[in-house]
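Note that the structure is predicted; figures quoted are calculated from it, not measured. When a residue number appears, it is its place in the shown sequence, counting from 1.
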Amino acid sequence: MRVMEDDLFPSTPGKVKIERAGSMNRQLHRCFASTSTMFLWALFLVAMTASYLSFQSFVDTSSRYFAASWGGLHWERQIRASAAPRRPPGSAAGAGMSVLVTGAAGFVGTHCSLALRRRGDGVVGIDNFNSYYDPSLKKARRSLLASHGVFVVEGDINDGRLLAKLFDVVPFTHVLHLAAQAGVRYAMENPTSYVHSNIAGLVTLLEACKDADPQPAIVWASSSSVYGLNDKVPFSERDRTDQPASLYAATKKAGEEITHTYNHIYGLSITGLRFFTVYGPWGRPDMAYFSFTRNILQGKPITVYRGKNHVDLARDFTYIDDIVKGCLGSLDTAGKSTGTGGKNRGPAPYRIFNLGNTSPVTVPNLVSILEKHLRVKAKKNVIEMPGNGDVPFTHANISLARQQLGYKPTTNLDVGLKKFIKWYLSYYGYTRGSKNL
């Protein structure tokens with residue numbers, strides 16, 4: 001029994017407990033060592049992931065920076081130099097404005113930018129040079145502006161970062177917003193381009209103006225197209241504009257409502273100008289007078305639309321120099337915005353004006369004038385106007401613009417087309433009697 005007891009119990013008390021405790025400690029040590037290693041590996045992986053993400057963000061940012069066609073110290077110096085007014089000290093016209101012109105390489109934008117620069121105002125342009133019509137004409141206009149010291153940024157008004165940067169570099173006093181997707185018929189082919197430019201682009205620009213310090217006064221191009229199916233003539237700013245006949249007209253009408261909202265909430269000073277069929281040198285190739293001239297010179301037939309019951313279509317053709325006077329008059333009389341710093345300090349001006357010639361001319365008469373100055377007879381295909389959004393006539397009542405802006409058009413269609421044809425023949429290299437470019 002003793003032997004059995006000795007065998008069952010050790011001669012040294014506590015030995016088993018010590019060995020068991022040591023074994024447990026070794027297991028715990030290995031466990032903690034393993035956990036610490038795992039924790040260190042986890043920290044390492046987190047650090048590597050964060051480094052990768054930071055590097056990827058840097059690469060993306062750098063790619064966007066280098067891919068952009070704007071930015072950098074040289075670019076900023078060009079912007080500031082172009083935006084600086086150049087009126088002599090003590091000038092009776094004042095110190096001069098600093099104007100951001102959108103759509104500066106467009107027809108109206110080019111003429112307005114040149115007129116502002118010639119009288120000593122600072123001008124910076126922005127244009128996306130899209131392919132709605134031949135971009136080479138827009139680039140030629142940009143070269144013309146550059147020769148007069150006007151810098152044009154290639155960019156889109158939907159680019160909020162670019163607009164914010166421009167307002168950061170220059171405290172513009174005014175914005176002349178002329179960028180838009182133009183044309184009534186093209187809306188049936190590419191409707192989204194009108195929403196992109198005329199609505200989304202307008203809102204992006206208004207947001208930038210709202211946040212600018214100081215807030216600029218805004219003059220922008222609406223359109224006579226907003227009168228739509230209105231049959232009361234001449235068209236007055238007080239007439240109804242809730243029956244647009246085209247998507248283009250609808251986007252311009254939407255623009256008037258949107259600008260009113262930004263005026264009311266954010267105190268932006270806003271003037272909308274309803275242009276009536278602008279024409280002249282450096283014009284748009286999609287306009288009838290332009291395409292008629294091209295086709296007549298090339299011996300190609302022209303399509304002349306006629307309204308219902310064989311009524312001739314008529315337009316209130318307005319020469320570009322008269323439109324420019326209206327635009328500059330609007331800039332000169334625009335009151336200040338009142339919402340700088342995010343606090344609306346009271347009502348800011350909100351105005352809408354017609355800019356037309358008040359003397360509608362039928363399309364057949366337009367063709368006759370072109371024939372006279374080109375000394376070439378047109379080959380005409382006369383057809384009924386399709387349902388493409390065009391309206392049969394336009395006629396502007398300009399009494400409000402005359403009263404508040406001193407607007408007074410002076411160029412009739414005969415004189416204006418003669419000037420346009422002189423430019424056209426020079427720009428495209430025609431010689432009298434030749435049908436070749």
Asker: I'd like to check the salt bridge (charged side-chain N to carboxylate O under 4.0 Å, His left out) partners of K343; sequence neighbours left out, ordered by chain and number.
Answerer: none
Asker: Within 45° of the ring axis of Y133 and under 6.0 Å from its six-membered ring centre, is that where the NZ or CZ of K138 lies?
Answerer: yes
Asker: Do C209 and V175 have side-chain heavy atoms sitting under 4.5 Å apart?
Answerer: yes
Asker: Could you check whether the rings of Y424 and Y428 sit parallel, tilted or perpendicular, using 30° and 60° as the cut-offs?
Answerer: tilted
Asker: Determine the minimum heavy-atom distance between Y305 and E384, stating which atoms define it.
Answerer: CD2-O, 4.0 Å
Asker: Parallel, tilted or perpendicular: which one describes the rings of Y427 and W423, with boundaries at 30° and 60°?
Answerer: parallel
Asker: Begin with the C-alpha distance, continue with both residues' side-chain angles, and end with the deciding distance and a verdict on side-chain hydrogen bond (donor to acceptor under 3.5 Å, both in side chains) for N190 and Y132.
Answerer: CA-CA 10 Å; N190 189 3; Y132 170 61; over 6 Å; no
Asker: Might you point out which heavy atoms bring G307 and L313 nearest each other, and give the distance in Å?
Answerer: N-CD2, 3.7 Å
Asker: Can you tell me if K300 has over 12 outside heavy atoms packed within less than 6.0 Å of its NZ?
Answerer: no
Asker: Identify the two heavy atoms, one from L268 and one from P216, that lie closest to each other, and give their separation to 0.1 Å.
Answerer: CD2-O, 4.2 Å
Asker: Mark yes or no for whether T318, through its side chain, and D316, through its backbone, hold a donor-acceptor pair below 3.5 Å.
Answerer: yes
Asker: Would Y248 and Y186 count as a close aromatic pair, with their ring centres under 6.0 Å?
Answerer: no
Asker: When you compare the side chain of K252 with that of S222, does any pair of heavy atoms fall below 4.5 Å?
Answerer: yes
Asker: Looking at F420 versus Y279, is the centre-to-centre ring distance below 6.0 Å?
Answerer: no
Asker: Considering non-hydrogen atoms only, spot the tightest contact between L202 and G255 and give its length.
Answerer: CD2-CA, 3.5 Å
Asker: Is K419 close to H373 at the side-chain level, that is, under 4.5 Å between some pair of heavy atoms?
Answerer: no
Asker: Do other residues, nucleotides or ligands put more than 12 heavy atoms under 6.0 Å from the NZ atom of K210?
Answerer: yes
Asker: Are the side chains of C112 and L176 in touch, meaning some heavy atoms are under 4.5 Å apart?
Answerer: yes
Asker: Which donor-acceptor pairs under 3.5 Å do side chains of residues 348-357 form with protein atoms, sequence neighbours excluded?
Answerer:
residue	atom	partner	partner atom	Å
Y350	OH	E256	O	2.8
Y350	OH	T259	OG1	3.3
R351	NE	T271	OG1	3.1
R351	NH1	T333	OG1	3.0
R351	NH2	T271	OG1	3.0
R351	NH2	S330	O	3.1
R351	NH2	T333	OG1	3.3
N354	OD1	Y227	OH	2.7
N354	ND2	Y227	OH	3.2
N354	ND2	F235	O	2.9
N354	ND2	N397	O	3.1

Asker: Given side chains that start at C-beta, do those of R294 and P285 come closer than 4.5 Å, heavy atoms only?
Answerer: yes
Asker: With no hydrogens and no angle check, do the side chains of D156 and N158 hold a donor and an acceptor under 3.5 Å apart?
Answerer: yes
Asker: Spell out, as yes or no, whether a donor-acceptor pair under 3.5 Å connects the side chain of S337 to the backbone of G339.
Answerer: no
Asker: Is there side-chain contact between S82 and R117, with heavy atoms separated by less than 4.5 Å?
Answerer: yes
Asker: A side-chain contact here means heavy atoms from C-beta on lying under 4.5 Å apart; do V123 and F151 qualify?
Answerer: no
Asker: For H148, does the NE2 atom have more than 12 heavy-atom neighbours from other residues, nucleotides or ligands under 6.0 Å away?
Answerer: yes
Asker: Checking side-chain polar atoms at under 3.5 Å, does Y262 have a donor or acceptor matched by the opposite partner on E207?
Answerer: yes
Asker: Taking it one step at a time, do N198 and T251 satisfy side-chain hydrogen bond (donor to acceptor under 3.5 Å, both in side chains)?
Answerer: CA-CA 6 Å; N198 301 357; T251 59; 3.1 Å; yes
Asker: Where is the tightest heavy-atom contact between L137 and G283, given as atom of each residue plus distance?
Answerer: CD2-O, 3.4 Å
Asker: Have T241 and N230 got a donor and an acceptor in their side chains that come within less than 3.5 Å?
Answerer: no
Asker: State whether the side chain of D211 and the backbone N or O of A208 hold a donor-acceptor pair below 3.5 Å, judged by distance alone.
Answerer: no
Asker: How far does CZ of F292 sit from CG of L370, to the nearest 0.5 angstrom?
Answerer: 8.0 Å
Asker: Should the pair R315 and F276 be classed as cation-pi, given the thresholds of under 6.0 Å to the six-membered ring centre and 45° from the axis?
Answerer: no
Asker: Do H395 and K232 have side-chain heavy atoms sitting under 4.5 Å apart?
Answerer: no
Asker: Of the non-hydrogen atoms in K408 and D322, which two are nearest, and what is the gap between them?
Answerer: O-OD1, 4.3 Å
Asker: Going by side-chain contact (heavy atoms from CB on, under 4.5 Å), C327 matches just one of I323, L331, V324. Which one?
Answerer: I323
